[in-house]
Amino acid sequence: MKTILQLSISALCVASIYSFNAFGETQSEAIPIVNSYPECNYEVLKEITLQDAASRLLHSDNDFRKDPNSSSVSGKQAEPDGNTVALSLLKQAALLDAKELGASQIVLISSERLSDNRDGNGEASSKTRSFEKTSAAKVDSTASDTTNSNTTNSNTTAFGTTIVSAALIVSCNSKALAKIGVKRNRLLGTTKVSMSYEYSTVVKGRDMTFDFADYALGGKKEVQNPKLKNQVISFDNGVFGVKVEDDLSMLLEILGTPTAELILNDTDTLYVYGRNLWIVVRNNKVKSIQSYNTWLSAGLINYFEFDDRPFLAWQVNGSIGRGDDVKSFDAKLDGNLKEEYTYRLAAKNGLFIDIGLTLEIANEDKRYVAKGFAYGYLDGNDSKSDSEIAPEITNSKPSIFEKIHSDLTEASQTLEPITIDQFPFTPILAARGYQDKTLHIYDRSLAMVYSNKTLRKLIVRDSFFKNVPPKGKWTFGPLQAGMNEEDVTALFGEENIFALGDYWEIYVDNLKYELYFVENEKGVMVLDELEVEMF
């Protein structure tokens, strides 16, 4: 029997007649299975996909149990179709895990093809990811196998909503917080979050939570984040009031909207505030906080918008701050010099607080002073480990470069702008930039700068990430890393090139090419980095 792993809404309609004791439970013992998230500050314990459920239950010792309510009209036991089987397997797996984890509800999650549900203000509802009942939906082809091919189903629409997973959640906390409006961008695979000064729990997958391009539109040019509660760093206070194991909603409540978001790997996401606060969240829980950047190239973060809150005025235990001499540490802090440039406070419950040091030399007087901080859990062997970006996250297909080169070539001829919606690739980093711009990074070698959702500049280089080596030389149309000056000159014509040492400018219609050259191991000047600006 083949299991269908994408459930149409028609299958859910069948499932909606299931009683809570469909799997041998009484009504009082059952865990509710609902179609939308509650209006409160809930917590998601686990999300189970259809594939997970099918793999666990179809190949287990327990055969699939047919639903007693699925009998045919004649009273004979009906063979369930693929959709019903998949939904039942998902429910069984969810119920088993819900009991084990102590979940109070199970929420069925629809695919991103859900129609756009909006409230009266035009904002998307926070329930966008959860399934909402509707009278018109596309019927999955497998659910209509028994329907005459000449019959047209009146319930078919263009949206094709499907159930893809189930979320296990715990009971609502007593403190209800304001809503976050969430709207999926189906082309980019990103999610727009409508923020307020209070936050409800954000249910986050591996898609972006923030679509920063929207902050430059509709009166959202300035993000007004809350003032810092304090500037203390300690084991009891965390950093500015944010502690490890705080959930994402608490982080957003205390610090507000981040400047940038970077997908690091399957579990970790980096949130950046300005250019001086870097926070790793693992599975929606704060893992580490630090004042310095260990992920992105220095040149790239120059595109980030500043956060004018006093992040640099931190005080470890309220007594030691930036610029203080290491000689004063022992009198005020319980720690020791772990290595030449790191002073560590005595770990508490697996936590560490490190003060990064720098060497200052003035009038032949040398001294070590505090420069930055890091806070989080030790990662075994008394060492800390920054969450690294997975190499597979930064890889992309050549088509991503082919697409944007084709768009640019056409735009240079028609003088038409390129909008953010024309580029159907999912960014791994999004940032709110200076002068109301938005920065997207799509892989290790390609970044784009948008203004009002219109492409203004693209940047191509070996890698935007520290500790992520280039996969190979980048290629952008006829240009590629390592081209010598003669080949580039032959391509554009000497008369069209303005050269100033290792920097060249070339104008093509409404495009300005900026080329940066470096000297290779043979002493030859070769192309290293490319920027294209649109007018």
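Quick note: residue numbers are just sequence positions, from 1.
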Walk me through it: do S288 and R282 pass the test side chain to side chain donor-acceptor pair (under 3.5 Å)?
CA-CA 9 Å; S288 66; R282 174 171 294 173; over 6 Å; no
Assess the residue pair W504 and F517 against the criterion (ring pair (Phe, Tyr, Trp, His ring centres under 6.0 Å)); give the C-alpha distance rounded to whole Å, side-chain angles, the decisive distance to 0.1 Å, and a yes or no.
CA-CA 8 Å; W504 292 16; F517 292 82; 4.6 Å; yes
Please walk me through it: do Y292 and W278 pass side-chain contact (heavy atoms from CB on, under 4.5 Å)?
CA-CA 7 Å; Y292 49 89; W278 305 72; 5.7 Å; no
Might you work through the side-chain contact (heavy atoms from CB on, under 4.5 Å) test for V107 and I169, ending with a clear yes or no?
CA-CA 8 Å; V107 181; I169 66 174; 3.9 Å; yes
Would L378 and R344 count as a side-chain contact (heavy atoms from CB on, under 4.5 Å) if you check the C-alpha gap in whole Å, the side-chain angles of each, and the deciding distance to 0.1 Å?
CA-CA 11 Å; L378 293 172; R344 174 167 293 174; 3.5 Å; yes
Would you please test V242 and L255 for side-chain contact (heavy atoms from CB on, under 4.5 Å) and show each step?
CA-CA 8 Å; V242 179; L255 294 181; 4.0 Å; yes
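Comment: D307 engages R309 in a salt bridge, judged by a side-chain N to carboxylate O separation of less than 4.0 angstrom. Classification of E531 and K457 as a salt-bridged pair holds, one side-chain N sitting under 4.0 Å from a carboxylate O.
Between the side chains of T49 and D52, at least one donor N or O lies within less than 3.5 Å of an accepting N or O. No side-chain donor-acceptor contact under 3.5 Å links E305 and T259. Remark: the T342 side chain and the E339 side chain contain an N/O donor-acceptor pair separated by less than 3.5 Å. Side-chain atoms of E340 and Y368 include a donor-acceptor pair closer than 3.5 Å. Residues S249 and D247 bring a donor and an acceptor atom of their side chains to less than 3.5 Å of each other.
Partner of K371 under the side-chain contact (heavy atoms from CB on, under 4.5 Å) criterion, out of L312, T358, L359: T358 alone. Of the options D268, T294, N265, a side chain to side chain donor-acceptor pair (under 3.5 Å) to S387 is made by D268 and by none of the others. Results of the ring-ring contact (aromatic ring centres under 6.0 Å, His included) test with F423 over Y450, F401, Y442 single out Y442 as the only residue that passes.
In this structure, CD in Q315 is found 9.0 Å from CD1 in I233, a value given to the nearest 0.5 Å.
Under a cut-off of 6.0 angstrom, the local environment of NZ in K229 is sparse, with at most 12 non-hydrogen atoms contributed by other residues, nucleotides or ligands. Few gaps surround CG on N302; more than 12 heavy atoms of other groups in view lie less than 6.0 Å from it. Within a 6.0 Å sphere centred on NZ of K285, other residues, nucleotides and ligands contribute more than 12 heavy atoms.
A distance of 6.0 Å or more separates the ring centres of Y513 and Y507. A distance below 6.0 Å separates the ring centres of Y343 and F329. Ring pair F352/Y375: centre-to-centre distance not below 6.0 Å. Here W295 and F465 keep their ring centres 6.0 angstrom or further from each other.
Residues S104 and P32 approach most closely at O-CD, 3.3 Å, considering heavy atoms.
Ring planes of F240 and F373: perpendicular class, angle over 60° (limits at 30 and 60°).
Relative to the six-membered ring of F304, R275 misses at least one condition, a distance below 6.0 Å or an angle of at most 45° to the axis.
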